[in-house]
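So the structure is just underneath, and the comments pick up after that.
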Amino acid sequence: MSQTLRIIDSGLRSARANLSLTEALTRGRRAGTTPDSFRFQHFPRSAIVGRHQILPREVDLAWCAANDVATARRMTGGGAIVMGPGLLGWELILSRTLVPDGLAETSARLCGAIAAGLSRFGIAATYRPRNDIEVGGRKVSGTGGYFEGQVLVFQGTVLVDLDIGFMTSALNLPIRKLGKRGLDAFAERVCDLKGLLGTAPAMRTVEEALAEAVGEALGLVPEWGTLTAAEEALAGEVHDTEIGRDAFVEGHDDAFPAPGRLVSHAVQTPGGLIEVTLKLRDGAGAIIDQAVISGDYFAAPPRLAADLEAHLRQLPAEAAGEAAARFLDTAGARFLGLERADVVAVVAEAARQAAAPAGDVP
């Protein structure tokens with residue numbers, strides 16, 4: 001008897017409610033009460049940052065407040081995105097036994113399946129590592145994911161009818177500094193199904209095409225279903241205690257409220273931007289009082305960065321590099337598009353600068 005893949009359209013929900021439902025389904029799948037599921041999501045206009053990003057760096061908070069755009073933080077890494085009408089969100093909550101062991105290999109298989117589903121509309125969609133799907137070199141879908149124990153969470157967005165003005169106003173994109181020239185360049189790098197096909201297909205039609213293609217790639221039979229009362233209740237609890245709270249969304253905004261010398265080092269790696277900021281305790285010696293590891297990289301388990309930050313606190317700066325290496329080995333850290341050594345190198349360089357006397361760092 002063939003295994004099934006539950007297909008759900010959970011309807012229009014706030015960004016924080018949608019993200020809370022992701023966490024609830026992940027916990028349910030881990031506990032064995034939620035089946036392997038492919039969920040489609042619909043959002044009001046929202047700006048959503050990745051797990052490791054610093055909110056005001058990525059989002060124009062004043063513009064969003066003035067234009068009724070909500071903010072939220074997802075559990076996955078990666079960069080900031082907007083969601084709203086014309087943008088179809090999707091996610092897979094699966095047993096990791098259904099996919100390859102590595103996150104890069106898993107991304108290739110699942111992104112290939114999404115590309116195959118979009119190609120059913122007569123367009124040549126292809127997977128572009130590390131996490132995009134493109135048509136003719138232009139991005140039509142972005143994805144990201146992580147392993148949570150024996151569960152895979154893999155998410156993405158399909159640009160069905162993109163409002164570029166909304167995206168470029170809500171997010172602090174570097175191209176905004178270039179004015180119209182930058183916006184024109186950005187428009188040339190993305191595309192939507194409406195522009196490719198001449199008219200936007202119905203969301204349900206897109207969902208059906210993706211469900212069939214993903215089911216084939218996983219060897220599962222798609223079967224439309226609904227959320228359970230228990231899943232809805234857990235999602236509400238997650239929303240109220242964590243993901244829906246302003247403190248979770250604001251993240252690192254007030255990470256360094258107290259006085260102290262700050263040292264920061266950032267590196268753009270093939271797997272994304274990694275930035276390590278260390279706050280040193282006032283007084284003699286370079287002791288790490290607080291640490292923030294931010295950027296748009298993908299890491300698993302999802303709380304890895306927060307746990308590493310906690311591990312580095314109260315250590316002498318000179319010991320941070322070796323401590324980070326040991327921690328990542330012990331934690332079984334996984335990254336997409338980079339190695340543990342890349343992360344250790346950024347920590348070590350920030351720590352080297354912290355340990356040097358003020359004014360001695362080039």
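Of all heavy-atom pairs spanning Ile48 and Ala15, the tightest one is CD1-CB, 4.1 Å. Contact detail for His265 and Val267: the closest heavy-atom pair is NE2-CG2, 3.5 Å. Heavy-atom minimum distance, Ala113 versus Ala213: O-CB, 3.3 Å. In this structure, Phe327 and Leu304 approach most closely via the heavy-atom pair CE2-CD1, 3.9 Å. Taking every heavy atom of both residues into account, Ile7 and Pro222 meet most closely at CG1-CB, 3.9 Å. Heavy atoms only, all atoms of each residue included: Val263 and Ala350 are closest at CG1-O, 3.5 Å.
At least one side-chain heavy atom of Phe154 sits under 4.5 Å from a side-chain heavy atom of Thr143. By the 4.5 Å heavy-atom criterion applied to side chains, Val140 and Asp132 are not counted as neighbours. Looking at heavy atoms from C-beta onward, Leu234 lies out of side-chain contact with Glu232 at the 4.5 angstrom threshold. In this structure, the side chains of Lys139 and Arg128 come closer than 4.5 Å at one or more pairs of heavy atoms. Under the 4.5 Å side-chain criterion, counting only non-hydrogen atoms from C-beta, Val238 is in contact with Glu23. The closest side-chain heavy-atom distance from Pro201 to Val160 is below 4.5 Å. For the pair Leu118 and Val158, the minimum side-chain heavy-atom distance is below 4.5 Å. Contact of the Leu171 side chain with the Val59 side chain is registered, since non-hydrogen atoms from C-beta on lie closer than 4.5 Å.
With hydrogens and angles disregarded, no donor-acceptor distance shorter than 3.5 Å links the side chain of Thr277 to the backbone of Val292. Judged by distance alone, the side chain of Gln53 and the main-chain N or O of Ala80 form a donor-acceptor pair under 3.5 Å. In this structure, Thr106 contributes its side chain and Ala104 its backbone to no donor-acceptor pair below 3.5 Å. Using modelled atom types, one side-chain atom of Ser141 and one backbone atom of Thr157 make a donor-acceptor pair closer than 3.5 Å. Panel note: side chain Asp296, backbone Leu273; a donor-acceptor pair is recorded below 3.5 Å. Between the Arg245 side chain and the Asp240 main chain, no donor and acceptor come within less than 3.5 Å of each other. Of the possible donor and acceptor atoms, one in the side chain of Asp342 sits under 3.5 Å from a partner among the backbone N and O of Glu339. For Asp192 (side chain) and Leu162 (main-chain N/O), a donor-acceptor pair under 3.5 Å exists by modelled atom type. Side chain of Ser95 to backbone of Leu98: no donor-acceptor contact under 3.5 angstrom is found. Glu309 places a side-chain N or O within 3.5 Å of a backbone atom of Ile293 that can act as its donor or acceptor partner.
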_Could you walk me through whether Val221 and Leu5 satisfy the side-chain contact (heavy atoms from CB on, under 4.5 Å) test, starting with their C-alpha distance in whole Å, then the side-chain angles of each, then the deciding distance to 0.1 Å, before giving a yes or no?_
CA-CA 6 Å; Val221 177; Leu5 176 65; over 6 Å; no
_Working note: Glu58 + Arg51, criterion salt bridge (charged side-chain N to carboxylate O under 4.0 Å, His left out); need CA distance, chi angles, decisive distance, verdict._
CA-CA 12 Å; Glu58 309 299 331; Arg51 179 61 185 262; over 6 Å; no
*Step by step, work out the salt bridge (charged side-chain N to carboxylate O under 4.0 Å, His left out) result for Arg16 and Asp246.*
CA-CA 10 Å; Arg16 299 184 189 188; Asp246 289 342; 2.8 Å; yes
*Take Val190 and Arg138 through the test side-chain contact (heavy atoms from CB on, under 4.5 Å) and record every step on the way to the result.*
CA-CA 5 Å; Val190 298; Arg138 302 168 67 194; 5.7 Å; no
*asked:* Walk me through whether Glu318 and Arg352 qualify under salt bridge (charged side-chain N to carboxylate O under 4.0 Å, His left out).
replied: CA-CA 6 Å; Glu318 61 187 15; Arg352 184 193 70 80; over 6 Å; no
*Check against side-chain contact (heavy atoms from CB on, under 4.5 Å), Leu25 and Leu227*: CA-CA 9 Å; Leu25 294 179; Leu227 295 165; 3.9 Å; yes
_Criterion side-chain contact (heavy atoms from CB on, under 4.5 Å) on Thr26 and Met75, from CA distance to verdict_ = CA-CA 11 Å; Thr26 303; Met75 298 294 283; over 6 Å; no
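The neighbour count for Gln268 CD, taken as heavy atoms of other residues, nucleotides or ligands under 6.0 Å away, is above 12.
Between the side chains of Glu275 and Ser264, a donor-acceptor pair is found at a separation under 3.5 Å. Between the side chains of Thr22 and Arg39, at least one donor N or O lies within less than 3.5 Å of an accepting N or O. Counted by atom type alone, Thr34 and Arg29 present zero donor-acceptor pairs between their side chains at under 3.5 Å. A donor-acceptor pair shorter than 3.5 Å cannot be found between the side chains of Asn18 and His42.
Within the model, atoms CG of Leu88 and CD of Glu207 stand 5.5 Å from one another, a figure rounded to the nearest 0.5 Å. The CG atom of Leu280 sits 9.0 Å away from atom CD1 of Ile287, with the distance rounded to the nearest 0.5 Å. Atom CZ of Phe40 sits about 10.5 Å away from atom CD of Glu91, to the nearest 0.5 Å. With rounding to the nearest 0.5 angstrom, the CZ atom of Phe166 is 7.0 Å from the SG atom of Cys64. Atom CE in Met83 sits 5.5 Å away from atom CD1 in Ile81 (nearest 0.5 Å). Atoms CZ and CG, on Phe43 and Leu19 in that order, are 5.5 Å from each other to the nearest 0.5 Å.
Note: the hydrophobic cluster containing Leu12 does not contain Leu21 (ILVMFWY, side chain heavy atoms under 4.5 Å, direct or indirect links). Phe121 and Tyr127 are members of different hydrophobic clusters when ILVMFWY side chains are connected at heavy-atom separations under 4.5 Å.
Phe38 does not carry Arg6 over the face of its six-membered ring by the limits of under 6.0 Å from the centre and within 45° of the normal.
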